[in-house]
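These numbers come from a predicted model, not from an experiment. For reference, positions follow the sequence shown, starting with 1. Whatever order the structure lists them in is the order used to number ligands and atoms, beginning at 1.
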Amino acid sequence: MPIAPLKPAASPKPSKAKPDLSGVENLIRAMLKKHRTPFMLIRRSVLERQLQRFRKCLPEVTPYYAIKANPHPKIIKTFIKLGAGFDVASAWEMRQVLSLGGSRGKIIFANTVKSSEDIISARRRKVRMMTFDSEPELYKIAEHYPGAHVLLRIKVVNEGSVVNLSLKFGADPEIAHLMLRKARALGLVPTGISFHVGSQSTNVENYLQALEISANIFNEAKEHDVPLKIIDIGGGFPIQHFDNEIGVNFERMAVQIRKQIRLLFDKKLQFMAEPGRFLVGPAGILVTQVIGRTFRNNKNYYYLNDGIYGDFSGMVFDHCKYEFKTLRRGQTFLSALAGPTCDSFDTLSLDVEIPELYVGDVVYVKNIGAYSSASAVANFNGFPPAKIVMV
Ligand SMILES: *Cc1c(COP(=O)(O)O)cnc(C)c1O
């Protein structure tokens with residue numbers, strides 16, 4: 001790979017000679033005139049498109065947006081307007097949705113281990129649908145929120161999902177009916193089954209298997225005179241992070257999930273899901289700028305004004321990889337990208353192929369709306385995360 005020589009900084013302005021045919025890059029250029037970097041663009045039209053895609057492909061499944069993926073008020077407001085429900089994991093998230101105008105009947109408190117205070121808070125706000133996966137949790141719910149509607153989260157296979165969500169949560173399906181009867185005995189309303197196949201799950205088998213296990217529990221519960229109503233198929237629906245990525249095909253997965261639902265369940269049951277990444281990930285574009293450069297280890301190192309502690313936190317917590325792009329064209333060189341903090345861990349890539357960049361040049365990443373700003377540290381080393389700009 002040719003190595004770019006270190007040159008004095010040039011104008012950060014992209015050359016006018018190369019027309020930019022990408023709408024995204026035009027948008028970035030326009031936004032650079034209005035906002036200081038780093039900023040995260042969230043495209044409302046993409047939020048709408050993703051919700052529409054979900055509803056079109058899985059028409060019998062009601063989506064409850066898992067706000068942990070990105071709890072920004074404008075995103076929540078957009079989904080409220082579009083009539084979506086919400087999956088919250090804490091009293092804070094519950095208040096966030098309610099204070100923005102969400103209705104309590106469209107919220108599921110989908111954390112299987114809740115503090116007593118948070119359960120009390122749910123009762124006060126009449127958010128009565130919640131999940132559990134253990135007996136101690138049932139006692140806690142029964143004490144603080146008699147009559148709550150509970151869904152048992154079962155442990156399911158997370159094979160091939162990027163983020164495993166069954167290591168910490170989920171009851172053994174074999175004891176499901178005992179748990180549901182226990183719930184009823186304690187004065188709660190056993191309402192359904194939930195599961196989560198792991199985040200960024202490209203393996204549709206996980207859903208199909210989990211649905212089969214759930215169907216067995218439904219039948220068993222019916223025999224024990226515990227009629228269940230709701231099946232919550234969780235989140236995990238995958239998105240493409242790279243332009244030329246293969247193996248991610250939501251539409252194809254949805255066809256199989258639908259077929260399995262029709263095959264195994266009574267039409268009268270209610271189906272819901274808790275998509276997070278799928279709804280918000282593709283809407284986000286992170287725009288950063290080069291604040292410094294150097295030549296080390298035989299390549300150019302570019303230091304950006306956002307990093308691992310900021311909006312690239314998903315590289316750690318979400319095991320995510322991103323496609324770094326620039327507004328420059330032409331010959332590319334093997335380069336390294338790093339964040340602005342004093343920690344060497346704050347390195348984003350040691351082998352990215354990009355054109356030579358100068359201080360002030362833009363590096364941007366698409367499909368980064370989920371698990372990015374949500375898990376960024378407020379101000380480590382004095383570098384705040386990107387401002388979110390809805391467009
Ligand atoms: C994180 C989480 C979700 C959202 O998962 P995605 O993979 O982003 O769709 C949904 N439900 C629960 C219980 C979760 O913990």
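- Residue G234 places no heavy atom under 4.0 Å from ligand 1.
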**OP:** Go through the steps to decide whether V150 and I141 satisfy the test side-chain contact (heavy atoms from CB on, under 4.5 Å), and finish with yes or no.
**Re:** CA-CA 9 Å; V150 291; I141 300 172; 4.1 Å; yes
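- Counting only heavy atoms of the protein, atom 14 (C) of ligand 1 lies nearest to K68 NZ, 2.9 Å.
- Per-residue contacts place P275 under 4.0 angstrom from the following atoms of ligand 1 (heavy atoms of the residue considered): 9 (O).
- Interatomic distance, Q240 CD to E245 CD, rounded to the nearest 0.5 Å: 5.5 Å.
- Below 4.0 Å from some heavy atom of R277 lie the following atoms of ligand 1, by number and element: 6 (P), 8 (O), 9 (O).
- Looking only at side-chain heavy atoms (C-beta outward), Q289 and P38 stay at 4.5 Å or farther from each other.
- Counting atoms of ligand 1 from 1 in the listed order, those under 4.0 Å from a heavy atom of G235 are 9 (O).
- A heavy-atom distance below 4.5 Å is found between the side chains of K34 and M31.
- The shortest N/O to N/O separation between A110 and ligand 1 does not fall below 3.5 Å.
- Under 4.0 Å from ligand 1, the heavy atoms of D87 that appear belong solely to its side chain.
- The side-chain tip of R293 points at the ring of Y358 from less than 6.0 angstrom away and within 45° of straight on.
- Judged by the 6.0 Å and 45° rule, K114 forms a cation-pi pair with F109.
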**OP:** For E323 and D243, run side-chain contact (heavy atoms from CB on, under 4.5 Å): C-alpha distance rounded to whole Å, both residues' side-chain angles, the deciding distance at 0.1 Å, then the answer.
**Re:** CA-CA 8 Å; E323 183 164 359; D243 283 349; 3.8 Å; yes
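- When the options A69, S199, S201, G198 are ranked by their closest heavy atom to atom 7 (O) of ligand 1, first place goes to S199.
- Numbered from 1 in the order shown, with element, the atoms of ligand 1 that lie under 4.0 Å from a heavy atom of R153 read 13 (C).
- Counting protein heavy atoms only, atom 8 (O) of ligand 1 is closest to Y371 OH, 2.5 Å.
- Protein heavy atom at the shortest distance from atom 3 (C) of ligand 1 is H196 NE2, 3.3 Å.
- A pairwise comparison of heavy atoms in K140 and I119 identifies CE-CD1, 4.0 Å as the closest pair.
- In terms of N/O distances under 3.5 Å, ligand 1 is approached by G276.
- Less than 4.0 angstrom separates some heavy atom of G236 from each of these atoms of ligand 1: 5 (O), 6 (P), 7 (O), 9 (O).
- Regarding atom 10 (C) of ligand 1, its nearest protein heavy-atom neighbour is E274 O, 3.2 Å.
- The cationic atom of R296 (NZ for Lys, CZ for Arg) lies less than 6.0 Å from the six-membered ring centre of Y301 and within 45° of the ring axis.
- Residue-level proximity to ligand 1 for F169 is absent, since no heavy atom of it falls below 4.0 angstrom.
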